[in-house]
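See below for the structure under consideration.
Every chain is numbered from 1, with letters handed out A, B, ... down the list of sequences. Since the structure is predicted, the reported quantities are computational estimates derived from the model, not experimental observations.
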Amino acid sequence: MSKKIIDAIIEMREEDALKTTRELLNSGTPPLEILNACREAMDVIGKRFECGESYIPELILAGEMLNQITDIVKPHLEKDAKAEKLGKVVMGTVEGDIHDIAKDIVVFMLDINGFEVTDLGVDAPPAKFVEAVKKTGAKIVGLSGFLTLAYDPMKETVAALRNAGLDVKIMIGGGQIDEQIREYTQADAYGKDAMAAVNLAKQWIGV
Amino acid sequence: MSPLPDNWNTMTPDEKLDARIKNWISTEDKAFETPEAAKKYKERAQRYADVVRLKQPDRIPCTLSAGDYVAHYAGLTQGEMFYDYDKAAQAIIKFHEDFDLDYGSSSNFMPGKVFERFGYKLYRIPGASLSPTQSFQFVEGEYMQADEYDALITNPEGFLMRTYIPRVMGAMAGWNMMPNMLSATELPFVTFMSINFSIPPMQETLKTLSDVSQAISEWLAASGQVSAFTRGKLGLPATMGGFTKAPFDYLGDSLRGTRGIMMDLFRLPQKVLDAVERITPLAIEMGVNASNSSGNPFIMLPLHKGADGFISNKDFKKFYWPSLKNTLTGLIEEGVVPFLFVEGGYNQRLDTIANSGLPTGKTIWLFDKTDMAEAKKKIGGWAAIGGNIPVSLFKAGTTEEMSDYVKKLIDTCGPGGGFWLSPGAVLDQSKNENVHTYLKVGKEYGTY
């Protein structure tokens, strides 16, 4: 049965995916099994994205389907049925930049790949990143920025995290970000898309 | 510019293009401070026109879209570039004076007061809704709802005028009472039409428009000062005379928003196709009008949502390219040269473009992250190409790295002509020495 929902999601059949979710719940399928099936589907979509077979529309619709399915399933979940997380990540768009779409996609991909993500939103000043890392104990920070105006705030944020003596790995990404800017900002790595971010995070925590 | 020739409507696209380019190159109806400036203007314009027509000029032209860098260079804030027109004009003049440019540069000099009078909500503005030291930024949103496709498709301009404009421009709320334009066709209809203009929200909006006309006049005066200097004194031609966009981007960027349009591809595919088809004539008209009023044949289309990684090639060919191709065709038929600014990468799209059947030597393509060797190979014989020097290199590279990059790019794309130099995107930030190096190496090494 769970294959049916996996297929519906990866083939972008939104109505079928929601209908199947309800059918599965009604026929007594454990809610966690449904969510695990979703995760499996997301894994396929993520891999397709990585090798250039899926694109932004697929990621956005998959995210939308996952949200809707979670809403349907949630009331049926036992309270402490929280999945084990791989590690913590603090993510945000740096100060001065209000672009959120790419950052949201990275947050979403990290989340479905098992990371607990603290999303600082957009226009997040360096102090906010420092504070969030201290509070959560995250070992990974992701800095997003779409425009060239993000170069200096990224550099300042990296410096602020280092100056605070925090033991974190920092990755950066966005429209005009490349290896040259990685060097300029002194971040640990640059990722060209959301799957690169997931792979970096996994590599850093050793899975 | 000089008015279009009387026989415009019977001219062929080639004749129209010739007329527009000739008019742009001509120094006769333009004011110059010295004969030397006029001579330089003509020489530079001719060189650029040669590139557009895929010829090999005496040397490769170097363009620069400096954006916020102009303000940084002159020690102004971005807020001042939006609100202090005199200061801004002086900053732009200083920038053009200090760098050895071939053409006028962009500068993000914009009429902040106009956006304010309109209550424009699509962008956040430095010195208004942003701190004066930040860059203007687009505010993503669904400014048109998914259930409004039919309204847009039935009457695009009516929808934009009565629904969209009041929504994105707070002070234009009265336009939701804009009468149907058929009202002008009969005497009694005009009576009823007039009543709409007496309604208080409409009166408010009409007052807004009067304020806007005042605000834009101040900005135009400062702009005139700038072009009197850049063209009149320095002899720098402008390589761009206005904008339009791909129909899919009009719909996806500012109407439905990124999330909205991406989900529409699955939920409402036919509506998306119908909408971009309906937007196409407006997109063409926008570009043609801009070319007519600026006297410049080159109309920029910044391309957004068709980039590599955004949508699949299949979706590109289905949703993005056909209406863009029709827009390009419409512009070319009117003698306008579409100047496509390809943001991001277009490596997966080059084949589609190369096999489009669009005429040779009628479009120009500015690439950001596209592989230039591939671009040269696949479309270099068909359209002029340029761009690709990373803005990150301007900001964080050394002058040696800049010099090496420019030389390598010239080696790759220069042979045979049809190529000009430019950063891959709007500069915004840079080390001063890297801009000088770019221009110096570009001119020296780019001499054929």
Counting heavy-atom pairs under 4.5 Å with chain B, the top scorer among A:D152, A:I177, A:L59 is A:D152
Greater than 12 external heavy atoms within 6.0 Å of A:Q68's CD: yes
Under 4.5 Å from a heavy atom of chain A, the part of B:K305 involved: neither
Measure B:L265 against the heavy atoms of chain A and call it side chain, backbone, both or neither at under 4.5 Å. side chain
Given a strict heavy-atom distance threshold of 4.5 Å, which part of B:D368 is in contact with chain A: side chain, backbone, both, or neither? side chain
Under 3.5 Å, is there a donor-acceptor pair between the side chain of B:Q137 and the main chain of A:G96? yes
Check whether B:L427 gets within reach of chain A through its side chain, its backbone, both or neither, counting any heavy atom under 4.5 Å. backbone
So for B:D264, is it side chain, backbone, both, or neither that comes closer than 4.5 Å to the heavy atoms of chain A? neither
Look up atom CG in B:L130 and atom CD1 in A:I98, then write down how far apart they are to the nearest 0.5 Å. 6.5 Å
Check each atom of A:D193 against the heavy atoms of chain B and say whether the ones under 4.5 Å are side chain, backbone, both or neither. neither
For A:Q176, which atoms come within 4.5 Å of any heavy atom of chain B: side chain, backbone, both, or neither? both
Which atoms of B:Q348 are under 4.5 Å from chain A, going by heavy atoms: the side chain, the backbone, both sets, or neither? side chain
Looking at every non-hydrogen atom in both residues, tell me the closest pair between B:S135 and A:L149 and how far apart they are. CB-CD2, 3.3 Å
Closest contact, heavy atoms only, A:Y55 versus B:F310: CB-O, 3.3 Å
Part of B:F266 within contact of chain A (heavy atom distance under 4.5 Å): side chain
For a side chain to side chain contact (heavy atoms under 4.5 Å, CB included) check, start with the C-alpha distance between A:I101 and B:E140, then their side-chain angles and the critical distance, and finish with the verdict. CA-CA 9 Å; A:I101 290 189; B:E140 272 280 347; 3.6 Å; yes
Once rounded to the nearest 0.5 Å, what's the spacing between atom CG of A:L147 and atom CD of B:Q429? 9.5 Å
Can you tell which part of A:E14 gets under 4.5 Å to a heavy atom of chain B, answering side chain, backbone, both or neither? side chain
Gap between atom OG1 of B:T258 and atom NE2 of A:H99 - 0.5 Å precision: 9.0 Å
Whatever's closer than 4.5 Å to a heavy atom in chain B on A:E183 counts as neither
At a heavy-atom distance under 4.5 Å, which candidate from B:D428, B:V426, B:V391, B:I261 has the highest pair count against chain A? B:V391
Quick one: ring-ring contact (aromatic ring centres under 6.0 Å, His included) partners of B:F394, sequence neighbours excluded? B:Y438
Check the pair B:M263, A:I60 against side chain to side chain contact (heavy atoms under 4.5 Å, CB included), reporting the backbone distance first and the verdict last. CA-CA 7 Å; B:M263 289 200 281; A:I60 288 183; 3.8 Å; yes
Atom CD in A:Q180, atom NZ in B:K395: separation rounded to 0.5 Å? 12.0 Å
When only pairs under 4.5 Å are counted, which of A:T148, A:D100, A:D104, A:D178 shares the most heavy-atom pairs with chain B? A:T148
